[in-house]
Participant: 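One structure follows; several queries about it will come next.
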Amino acid sequence: MKSRRDQFSEATRAALLDAATRRFASLGFAGTSLEDVAADIQATRGAVYHHFSSKKALFQAVFERLENEAVERAARAGARGADPWQAALLALEEFLTHCCEPVYGRVVWQEGPLALGWSGWLEAEQKYAYGLVENYVRALLADGSLAPVPLEPTTQLAFGLLGAAGQALAAAPPEERPRLRTEYRDVIARMLVGLRAEERERRSGHRLD
């Protein structure tokens, strides 16, 4: 059993993350101060520093929570697939849909490189998303759905392609995102079809679903 003090500390940390997420999503990293985050939950600046050493550390924690959620959502969507090919397409669909959400899009794709620096942001993206992409590529290769292409270059290219799509969707006007999401999905799926093993291509007739 956790002590009441530990429970209060965890609740305070969660409330700070919620408040910071709202601030970063609406005002950006530069427009957010630790004082404002603390005031949003009626806490002191010292309470913020008890959990986070700096505004960057607070942003990092928000970023990590959002990315964990995104990876979990994509993995759950992929788990509904009847085979590795369908699993990859379902995970792709969920990822692109998630990138259209304003909080995730703003914080992860737009504010992330500014707050963490380009190299820090890319390292964080690789930490959370690269492994999931690699798992899908590995499963497609093992299943014979893809031609025998090298795992690492294929994963790197797929990872970069998804990142470019995520940034574009986050930067697009909200009313344009549904159309762009469909277009990116179709283009990426057709690129995947180009990597399919010849026997699978003949059997599927180049179907995307």
Side-chain angles (χ1 to χ4, degrees), residues 13-34 36-37 40-41 48 51-79 88-137 155-185 187-189:
R13 187 180 190 278
L16 286 170
L17 287 174
D18 289 341
T21 300
R22 291 190 294 269
R23 287 274 178 179
F24 290 137
S26 60
L27 301 174
F29 180 75
T32 297
S33 70
L34 293 181
D36 289 336
V37 173
D40 285 346
I41 66 166
V48 181
H51 294 280
F52 307 101
S53 60
S54 64
K55 185 170 74 167
K56 182 177 179 179
L58 176 58
F59 183 91
Q60 181 84 41
V62 169
F63 181 97
E64 290 176 355
R65 188 166 72 161
L66 290 173
E67 279 293 58
N68 273 322
E69 180 188 358
V71 169
E72 289 173 2
R73 284 177 53 165
R76 285 198 303 269
L89 292 181
L90 287 172
L92 169 65
E93 182 89 24
E94 177 59 34
F95 166 75
L96 295 176
T97 298
H98 198 47
C99 288
C100 293
E101 296 182 1
V103 172
Y104 179 74
R106 175 77 186 271
V107 175
V108 171
W109 295 107
Q110 295 184 295
E111 295 300 318
L114 301 176
L116 305 177
W118 179 258
S119 61
W121 174 79
L122 186 59
E123 181 181 348
E125 280 297 295
Q126 289 176 330
K127 175 183 177 182
Y128 289 97
Y130 187 90
L132 184 64
V133 175
E134 184 179 53
N135 286 342
Y136 281 115
V137 174
T155 302
Q156 286 282 3
L157 288 173
F159 177 75
L161 187 64
L162 293 171
Q167 288 181 309
L169 289 170
E175 65 275 11
E176 293 292 320
R177 289 172 190 167
R179 174 183 61 81
L180 289 173
R181 180 193 62 78
T182 299
E183 291 178 354
Y184 274 106
R185 180 202 63 196
V187 169
I188 294 172

Participant: Sequence neighbours left out, what pairs pass side-chain hydrogen bond (donor to acceptor under 3.5 Å, both in side chains) with at least one residue falling in residues 90-115?
Facilitator: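 Sorted pair list: Glu67-Tyr104, Arg73-Glu94, Arg73-His98, Arg73-Glu101, Glu93-Arg181, Glu93-Arg185, His98-Glu101, Arg106-Glu111.
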
Participant: For Ala15 and Ile41, work out which heavy atoms get closest and say how close.
Facilitator: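 Distance-wise, the nearest heavy atoms are O-CG2, 3.7 Å.
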
Participant: Let me confirm one number: the OG-CD distance from Ser54 to Gln60, rounded to the nearest 0.5 Å.
Facilitator: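 It is 9.5 Å, given to the nearest 0.5 Å.
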
Participant: Regarding Arg65 and Asp18, does a basic nitrogen lie under 4.0 Å from an acidic carboxylate oxygen?
Facilitator: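 Salt bridge between Arg65 and Asp18, a charged N being under 4.0 Å from a carboxylate O: yes.
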
Participant: With rounding to the nearest 0.5 angstrom, report the SG to CG distance, Cys100 to Leu180.
Facilitator: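 The SG atom of Cys100 sits 8.0 Å away from the CG atom of Leu180.
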
Participant: Decide, yes or no, whether a salt bridge links Asp40 with Arg23 under the criterion of side-chain N to carboxylate O below 4.0 Å.
Facilitator: yes

Participant: Of Thr21, Leu34, Val62, Val37, which is the lone residue that meets side chain to side chain contact (heavy atoms under 4.5 Å, CB included) with Leu16?
Facilitator: Val37

Participant: Under a 4.5 Å cut-off applied to non-hydrogen side-chain atoms, are Phe52 and Leu17 in contact?
Facilitator: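 The answer is yes; the side chains approach within 4.5 Å.
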
Participant: Give me the atom names and distance for the closest heavy-atom approach of Pro174 to Pro178.
Facilitator: O-CD, 3.5 Å

Participant: Rounded to the nearest 0.5 Å, what separates atom CG in Leu96 from atom CG in Leu162?
Facilitator: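 Here the rounded value is 7.0 Å.
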
Participant: Taking the side chain as everything from C-beta on, heavy atoms only, tell me whether Glu134 gets closer than 4.5 Å to Phe159.
Facilitator: no

Participant: Rounded to the nearest 0.5 Å, what separation is found between the CG atom of Leu90 and the OH atom of Tyr136?
Facilitator: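 Between Leu90 CG and Tyr136 OH, I get 8.0 Å after rounding to 0.5 Å.
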
Participant: Assess whether atom CD of Gln126 is packed by more than 12 heavy atoms of other residues, nucleotides or ligands within 6.0 Å.
Facilitator: yes

Participant: Assess whether salt bridge (charged side-chain N to carboxylate O under 4.0 Å, His left out) is satisfied between Arg179 and Glu183, documenting all intermediate values.
Facilitator: CA-CA 6 Å; Arg179 174 183 61 81; Glu183 291 178 354; 3.0 Å; yes

Participant: Return the orientation label for the Phe29 and Phe59 ring planes: parallel under 30°, perpendicular over 60°, tilted otherwise.
Facilitator: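 Phe29 and Phe59: perpendicular rings.
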
Participant: Roughly how far apart are Tyr184 OH and Arg177 CZ, rounded to 0.5 Å?
Facilitator: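 Atom-to-atom, Tyr184:OH and Arg177:CZ are 12.5 Å apart.
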
Participant: Can you sort out the partners of Glu72 under side chain to side chain donor-acceptor pair (under 3.5 Å), two or more places apart, ordered by chain and number?
Facilitator: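 If we apply the side chain to side chain donor-acceptor pair (under 3.5 Å) test to Glu72, skipping adjacent residues, there are no hits.
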
Participant: What is the minimum heavy-atom distance between Ala170 and Gly105, and which atoms define it?
Facilitator: CB-O, 3.4 Å

Participant: Check whether Lys55 reaches the backbone of Ser33 with its side chain - one donor and one acceptor, N or O, closer than 3.5 Å.
Facilitator: no

Participant: Assess whether side-chain contact (heavy atoms from CB on, under 4.5 Å) is satisfied between Glu125 and Val108, documenting all intermediate values.
Facilitator: CA-CA 9 Å; Glu125 280 297 295; Val108 171; 3.6 Å; yes

Participant: How far apart are the closest heavy atoms of Ala91 and Ala74, and which atoms are they?
Facilitator: CB-O, 3.6 Å

Participant: Just by distance, do the side chain of Asn68 and the backbone of Glu64 share a donor-acceptor pair under 3.5 Å?
Facilitator: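 Yes: the side chain of Asn68 pairs with the backbone of Glu64.
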
Participant: So, taking the atom named CZ in Phe63 and the one named CG in Leu58, what distance separates them when rounded to the nearest 0.5 Å?
Facilitator: 14.0 Å

Participant: Which atom pair, heavy atoms only, marks the closest approach of Leu89 to Ala189?
Facilitator: CD2-CB, 4.1 Å

Participant: For Leu122 and Ser119: C-alpha separation, side-chain torsions, deciding distance, then whether side-chain contact (heavy atoms from CB on, under 4.5 Å) applies.
Facilitator: CA-CA 5 Å; Leu122 186 59; Ser119 61; 5.8 Å; no

Participant: Looking at every heavy atom in both Leu116 and Ala124, which two are closest together, and how far apart are they?
Facilitator: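 Minimum heavy-atom separation between Leu116 and Ala124: CD1-CB, 4.5 Å.
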
